[in-house]
2 protein chains.
Amino acid sequence: MNISQAASLTGVSAKMIRHYESIGLIRKSARSVSGYRIYREDDLQVLRMIKRARHLGFSLEQIRELVSLWQDPARASADVKAIARAHIADLNRRIAELSEMRDILAQLTQNCSGDAMPDCPIIDTLASSG
Amino acid sequence: MNISQAASLTGVSAKMIRHYESIGLIRKSARSVSGYRIYREDDLQVLRMIKRARHLGFSLEQIRELVSLWQDPARASADVKAIARAHIADLNRRIAELSEMRDILAQLTQNCSGDAMPDCPIIDTLASSG
DNA sequence: TTTGACCTTGCCACGGTGGTAAGCCGAACA
DNA sequence: TGTTCGGCTTACCACCGTGGCAAGGTCAAA
């Protein structure tokens, strides 16, 4: 099948399939005589896996390792777990950062009258020593 | 004072000060005869405000509006509040996304033995219909 | 044969920040 | 006075992941 079919069957855009190929995340596809990329059912598996891993927020570099482990029948689940743990730690860090921002802003917003007057704790905080 | 002093007094890197100037977020600074940027105490206020707003996760575009409102004595606090609210909503959206990723991964990780065996629910989920 | 949909590669863009290179400038020191 | 070193200038490239666009080749149906 052609790239757009592979794209619609996996949810990965044709653009991204080409990109993943160019960075070596997926193998170079077969080509037709005229140079069109050709995909078989097997190829879709990897794309679907990448799609799901991206959905869980893994970076392409992490996905590269995950794909490699996936294709290694002698893998240790400990290796997979380590990648997942690192990603969870990263997610927690980002969640904590965003939550802190949100909490501060929620507090400031609550104290802002939100009317036609200029006085505003949000601006005041940003402008002074907040 | 020169740019590196302004940088160290505000915590905004010289690189970023130039960038903010180039995108019109801050006014073009005065220049010495030889072309060096010159900053006065007044200029630092804006940089400090940008620094704090970035720390709260506002985008540079939002900051552009905030700075504009800040410098407008006839501003309505409602306008400031609206920007903050929009940002809070965005933060909440991102927090929810990341939390969902983390929860799913935490679940999978918990069920992964993490030993030398290949079997692993994380890989399985990524590879199949997860 | 024409047409329209598809494919190819290659470049530019986003946001925000860092790096690096080439060249000018300023101050201190011999 | 001349050298030297650090700071300043602009301009470009990189990250990450994705989208868009343009110029040109290809395929299938009408």
Side-chain angles (χ1 to χ4, degrees), chain A residues 1-26 28-39 43 46-47 49-67 86-87 90-91 93-94 97-98 101, chain B residues 1-26 28-40 43 46-47 49-67 83 86-87 90-91 93-94 97-98 101:
Chain A
M1 76 189 79
N2 284 339
I3 196 169
S4 67
Q5 266 193 330
S8 72
L9 287 177
T10 60
V12 179
S13 73
K15 185 83 185 220
M16 282 300 101
I17 296 177
R18 294 194 195 97
H19 180 57
Y20 295 160
E21 183 186 299
S22 81
I23 64 173
L25 182 54
I26 59 179
K28 288 187 181 175
S29 77
R31 296 284 183 133
S32 73
V33 185
S34 57
Y36 284 22
R37 288 178 180 80
I38 300 173
Y39 297 92
D43 302 314
V46 189
L47 290 172
M49 170 160 178
I50 294 173
K51 174 80 176 177
R52 292 190 198 103
R54 284 296 298 143
H55 188 69
L56 289 176
F58 285 101
S59 71
L60 293 184
E61 276 316 303
Q62 286 174 318
I63 293 173
R64 189 191 300 273
E65 298 180 57
L66 288 173
V67 169
H87 184 37
D90 189 47
L91 288 169
R93 218 177 311 118
R94 287 153 66 191
E97 279 180 13
L98 297 180
M101 294 175 184
Chain B
M1 77 188 79
N2 284 339
I3 196 169
S4 66
Q5 266 193 330
S8 72
L9 287 176
T10 61
V12 179
S13 73
K15 184 87 188 220
M16 283 299 102
I17 296 177
R18 295 193 194 97
H19 180 57
Y20 294 160
E21 184 186 298
S22 81
I23 65 173
L25 183 53
I26 59 178
K28 288 187 180 175
S29 77
R31 296 285 184 133
S32 73
V33 185
S34 56
Y36 284 22
R37 287 178 179 80
I38 300 173
Y39 297 92
R40 286 175 307 125
D43 303 314
V46 190
L47 290 173
M49 169 160 178
I50 294 172
K51 174 81 176 178
R52 292 190 200 102
R54 284 295 299 143
H55 187 68
L56 288 177
F58 284 102
S59 71
L60 293 184
E61 277 316 303
Q62 286 173 317
I63 293 173
R64 189 191 300 272
E65 298 180 56
L66 288 172
V67 169
I83 296 174
H87 183 37
D90 189 47
L91 287 169
R93 218 177 311 119
R94 287 153 65 190
E97 279 180 13
L98 298 181
M101 293 174 185

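Proteins get letters first, then strands, A, B, ... in listed order; numbering begins at 1 in each.
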Peer 1: Counting only side-chain nitrogens and oxygens, does Arg54(A) get under 4.0 Å of the OP1 or OP2 atom of dC16(D)?
Peer 2: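 It does not, given that no N or O in the side chain of Arg54(A) lies less than 4.0 Å from OP1 or OP2 of dC16(D).
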
Peer 1: If you round to the nearest 0.5 Å, how far is CD of Glu97(B) from NE2 of His55(A)?
Peer 2: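 Atom-to-atom, His55(A):NE2 and Glu97(B):CD are 8.5 Å apart.
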
Peer 1: Arg94(B): what forms a side-chain hydrogen bond (donor to acceptor under 3.5 Å, both in side chains) with it, not counting sequence neighbours?
Peer 2: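 Arg94(B) satisfies side-chain hydrogen bond (donor to acceptor under 3.5 Å, both in side chains) with Asp90(B) once adjacent residues are dropped.
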
Peer 1: Looking at His87(B) and Gln62(B), would you say the former's side chain and the latter's main chain have a donor-acceptor pair under 3.5 Å?
Peer 2: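 No, the answer is negative, given that no donor and acceptor are paired below the 3.5 Å cut-off.
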
Peer 1: Could you state the atom-to-atom distance from CD1 of Ile23(A) to C1' of dG17(D) in whole Å?
Peer 2: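 Spelled out: CD1 on Ile23(A) to C1' on dG17(D) is 9 Å.
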
Peer 1: Give each protein N/O atom lying under 3.5 Å from an N/O atom of nucleotides 27-30 of chain D, with the pair distance.
Peer 2:
| unit_1 | atom_1 | unit_2 | atom_2 | d |
| --- | --- | --- | --- | --- |
| dC27(D) | OP1 | Ser34(A) | OG | 2.8 |

Peer 1: Output the single nucleotide from dG17(D), dC7(C), dG7(D) whose closest atom is nearest the side chain of Ser4(A).
Peer 2: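 Nucleotide nearest to Ser4(A)'s side chain: dC7(C).
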
Peer 1: Rounded to the nearest 0.5 Å, how far does CZ of Arg93(A) lie from CG of Leu98(B)?
Peer 2: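 Between Leu98(B) CG and Arg93(A) CZ, I get 12.0 Å after rounding to 0.5 Å.
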
Peer 1: Could you tell me whether Arg37(A) contacts a base, only the sugar-phosphate backbone, or nothing, with contacts defined as non-hydrogen atoms closer than 4.0 Å?
Peer 2: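 The answer is sugar-phosphate, as Arg37(A) gets under 4.0 Å only of primed atoms, P, OP1 or OP2.
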
Peer 1: Rounding to an integer number of Å, can you tell me how far Asn2(B) CG sits from dG6(D) C1'?
Peer 2: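 Between C1' of dG6(D) and CG of Asn2(B): 12 Å.
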
Peer 1: Please check the phosphate of dG18(C) (OP1 and OP2 only) for any side-chain N or O of Ser13(B) closer than 4.0 Å.
Peer 2: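 Yes, Ser13(B) has a side-chain N/O under 4.0 Å of OP1/OP2 on dG18(C).
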
Peer 1: Would you kindly give the CD1-to-C1' distance between Ile63(B) and dG15(C), to the nearest whole Å?
Peer 2: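 Between C1' of dG15(C) and CD1 of Ile63(B): 12 Å.
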
Peer 1: Going by the rule side chain to side chain contact (heavy atoms under 4.5 Å, CB included), which residues pair with Ser34(A) if we only count those two or more places apart in sequence or in a different chain?
Peer 2: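 Residues passing side chain to side chain contact (heavy atoms under 4.5 Å, CB included) with Ser34(A): Ser32(A), Tyr36(A).
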
Peer 1: Using atom NE2 of His19(B) as one end and atom C1' of dT10(D) as the other, report the distance to the nearest whole Å.
Peer 2: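 Taking atom C1' of dT10(D) as the reference, NE2 of His19(B) is at 15 Å.
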
Peer 1: Which whole-number value in Å describes the distance from Arg18(B) CZ to dT17(C) P?
Peer 2: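 It works out to 15 Å between those atoms.
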
Peer 1: Rounded off to whole Å, could you give me the CG-to-P distance for the Leu25(A) and dT18(D) pair?
Peer 2: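 Checked: the CG to P distance equals 10 Å.
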
Peer 1: Between the side chains of Arg64(B) and Glu61(B), is the shortest nitrogen-to-carboxylate-oxygen separation below 4.0 Å, so that they form an ion pair?
Peer 2: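 Yes.
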
Peer 1: Can you measure Tyr39(B) atom OH to dC8(D) atom P for me and round it to whole angstrom units?
Peer 2: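 The answer, rounded to whole Å, is 10 Å.
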
Peer 1: In Å and rounded to the nearest 0.5 Å, what is the CG to CE distance from Leu66(A) to Met49(A)?
Peer 2: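 Output value for this atom pair is 5.0 Å.
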
Peer 1: Give the rounded distance in Å between these two atoms: CD of Glu21(A) and P of dT9(C).
Peer 2: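 Computing the Glu21(A):CD to dT9(C):P distance gives 7 Å.
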
Peer 1: When you measure from the side chain of Ser59(B), which nucleotide among dG16(C), dC7(C), dT9(C) comes out closest?
Peer 2: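 The nucleotide sitting nearest to the side chain is dG16(C).
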
